[in-house]
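A quick write-up on the structure given underneath.
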Amino acid sequence: PRDVRVLDGLGCVAWRNNDFELAEHYFKKAIKLDPKYDRGYMHLSLVAENKSDLVAAKELLQIALQLNPLNYRARNNYAVLLQSLSGTD
């Protein structure tokens, strides 16, 4: 597929099926096809978080928000991640 949304969607399906390696493949492919596609970074941050790489997850969410500050899902995920990193409730 040459449509970034299709690649991202395939990644989301793989994620929902707990095939995290395949999901990561599709999210990275989406970002490679369109480096300005914010959702790819947001979804790739979930992969990083799943691998307990919270620093990478934070960086990926920051990129997503820089590309699209109005992405409320990325903003929410970023807020939750920051709370986790701070260790406060």
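Quick caveat, the model's predicted, so the values are computed rather than measured. One-based numbering along the sequence shown.
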Show the atom names and distances, to 0.1 Å, of all donor-acceptor pairs under 3.5 Å that link a side chain in residues 52-60 to residues at least two apart or in another chain.
from, atom 1, to, atom 2, distance (Å)
Asp53, OD1, Ala56, N, 3.1

Show which side-chain atoms of residues 71-82 pair as donor or acceptor with protein atoms under 3.5 Å away, not counting sequence neighbours.
from, atom 1, to, atom 2, distance (Å)
Asn71, OD1, Arg73, N, 3.1
Asn71, OD1, Ala74, N, 3.0
Asn71, ND2, Asp38, OD2, 2.7
Arg75, NH1, Pro69, O, 3.3
Tyr78, OH, Gln62, NE2, 3.0

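Rounding to the nearest 0.5 Å places CD of Glu24 at 11.0 Å from CG of Asp19. A distance of 12.5 Å separates OH in Tyr26 from CD in Glu21, rounded to the nearest 0.5 Å. Leu7 CG to Lys32 NZ: the interatomic distance, rounded to the nearest 0.5 Å, is 11.5 Å.
Ile63 and Leu65 fall into different hydrophobic clusters, where Ile, Leu, Val, Met, Phe, Trp and Tyr residues are linked whenever their side-chain heavy atoms come under 4.5 Å apart, directly or through other members. Put simply, Leu33 and Met42 are part of two different groups of oily side chains (I, L, V, M, F, W, Y) that touch within less than 4.5 Å, one to the next.
Partners of Phe27 by side-chain contact (heavy atoms from CB on, under 4.5 Å), not counting sequence neighbours, listed by chain and number: Asp8, Cys12, Ala23, His43, Leu44, Val47.
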When you look at Tyr37 and Arg5, which way does the side-chain contact (heavy atoms from CB on, under 4.5 Å) test go after all the steps?
CA-CA 9 Å; Tyr37 184 67; Arg5 295 166 301 174; 3.9 Å; yes
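The heavy-atom pair separating Val4 from Ala30 by the smallest distance is CG2-O, 3.3 Å. Taking each heavy atom of Pro35 and Leu67 in turn, the nearest pair found is O-CD1, 3.7 Å. In terms of heavy-atom proximity, Leu46 sits nearest to Trp15 at O-CH2, 3.4 Å.
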